[in-house]
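These notes concern the structure reproduced below.
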2 protein chains.
Amino acid sequence: MTRTMNISKIIKFHRKKSGLTQKGLADLAGVGKTVIFNLEKGKTSVQYDTIQKVLNVLNVKINFESPLMNLIRETDEKNTNL
Amino acid sequence: MTRTMNISKIIKFHRKKSGLTQKGLADLAGVGKTVIFNLEKGKTSVQYDTIQKVLNVLNVKINFESPLMNLIRETDEKNTNL
DNA sequence: TATTTTTTACTGCTAAAGCAGTAAAATTAC
DNA sequence: GTAATTTTACTGCTTTAGCAGTAAAAAATA
């Protein structure tokens with residue numbers, strides 16, 4: 001299921017559901033406990049790859065949505081790089 | 001439409017479709033040109049809010065997907081904060 | 001209740017993100 | 001073809017993310 005929602009709430013909810021403490025999640029994700037604390041506090045000046053590490057542990061996928069999105073492969077077939 | 005894809009390609013594609021240069025997009029997003037260059041180059045150690053600024057200009061939404069996602073509002077109704 | 005665990009909140013430190021400027025390479029336009 | 005634009009790539013600089021450590025506040029547990 002796909003929904004638009006702030007990261008803060010998503011992380012906290014999934015962490016709780018996983019029965020993890022902030023420190024526990026941080027260790028599993030390979031980040032400092034401060035990152036989890038800050039994210040759940042609502043801080044968004046967190047590096048994208050750091051957030052990815054956390055969401056990976058929690059089994060949360062990041063998707064991008066736009067009207068043009070489905071045109072990428074079809075019109076730009078040569079861009080197999082990147 | 002929703003798809004899982006790397007930010008790099010998404011940004012470059014949408015920027016081109018918008019007829020913007022890297023500098024042009026950077027200015028509209030209020031970030032440095034280096035950010036656009038790095039993002040399109042594939043760098044992921046970019047701050048989340050910085051990416052948001054860029055994607056906002058390009059009309060790209062970030063969604064989060066997980067099996068638990070639809071349970072958030074229902075089971076955690078009091079969390080209207082955050 | 002008291003005790004343990006967890007969360008919040010601060011610290012000083014190191015590494016690096018983000019910036020503007022410049023210049024060369026590549027692309028596009030004429 | 002040349003000229004203009006755009007992209008790539010590098011600078012030095014300032015700000016800050018992320019880290020571990022500590023401690024107090026809050027929450028959970030016995």
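In the text below, chain A, chain B and the rest are named by the order of the sequence lines, each starting its count at 1. Just so it is clear, the values below take in all heavy atoms, side chains as well, and ignore hydrogens, waters and symmetry mates.
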So if I take every side-chain heavy atom of [X] and compare against [options], which nucleotide ends up nearest?
X: A:Thr21; options: C:dG18, D:dG18, C:dT7; value: C:dT7
X: A:Arg15; options: D:dA17, D:dA9, C:dT7; value: C:dT7
X: B:Thr34; options: D:dA9, C:dA20, D:dC19; value: C:dA20

Do any N or O atoms of the protein come closer than 3.5 Å to N or O atoms of nucleotides 28-30 of chain C, and which pairs are they?
none

[X] [atom1] to [N] [atom2], straight-line distance once rounded to whole Å:
X: A:Ile36; N: D:dG18; atom1: CD1; atom2: C1'; value: 12 Å
X: A:Leu25; N: C:dT8; atom1: CG; atom2: P; value: 13 Å
X: A:Lys12; N: C:dT6; atom1: NZ; atom2: P; value: 14 Å
X: B:Phe37; N: D:dT8; atom1: CZ; atom2: P; value: 6 Å
X: A:Asp27; N: D:dG21; atom1: CG; atom2: P; value: 12 Å
X: A:Leu39; N: C:dA9; atom1: CG; atom2: C1'; value: 16 Å
X: A:Lys41; N: C:dT7; atom1: NZ; atom2: C1'; value: 12 Å

Ignoring backbone atoms, establish whether B:Thr50 has a side-chain N or O less than 4.0 Å from OP1 or OP2 of C:dA17.
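No, no such contact exists.
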
NZ on B:Lys16 to CD on B:Gln22, rounded to 0.5 Å:
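Interatomic distance, B:Gln22 CD to B:Lys16 NZ, rounded to 0.5 Å: 8.0 Å.
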
For the side chain of A:Lys33 and the base of D:dG18, is some donor closer than 3.5 Å to an acceptor across the two?
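Between D:dG18 and A:Lys33, which were checked side chain against base, a qualifying N/O pair under 3.5 Å is absent.
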
Over all strands shown, is [X] touching base, sugar-phosphate only, or nothing at heavy-atom distances under 4.0 angstrom?
X: A:Gln22; answer: base
X: B:Lys23; answer: nothing
X: B:Lys43; answer: sugar-phosphate

Mind telling me whether A:Tyr48 and B:Tyr48 have parallel, tilted or perpendicular rings, with 30° and 60° as the class edges?
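Aromatic pair B:Tyr48/A:Tyr48 classed parallel.
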
Can you check salt bridge (Lys or Arg N to Asp or Glu O under 4.0 Å) on A:Lys53 and A:Asp49, steps first, answer last?
CA-CA 6 Å; A:Lys53 290 182 199 166; A:Asp49 55 351; 5.6 Å; no

Transitively linked via ILVMFWY side-chain contacts under 4.5 Å: A:Phe13 with A:Phe37?
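Per the 4.5 Å side-chain linkage, A:Phe13 and A:Phe37 are not co-clustered.
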
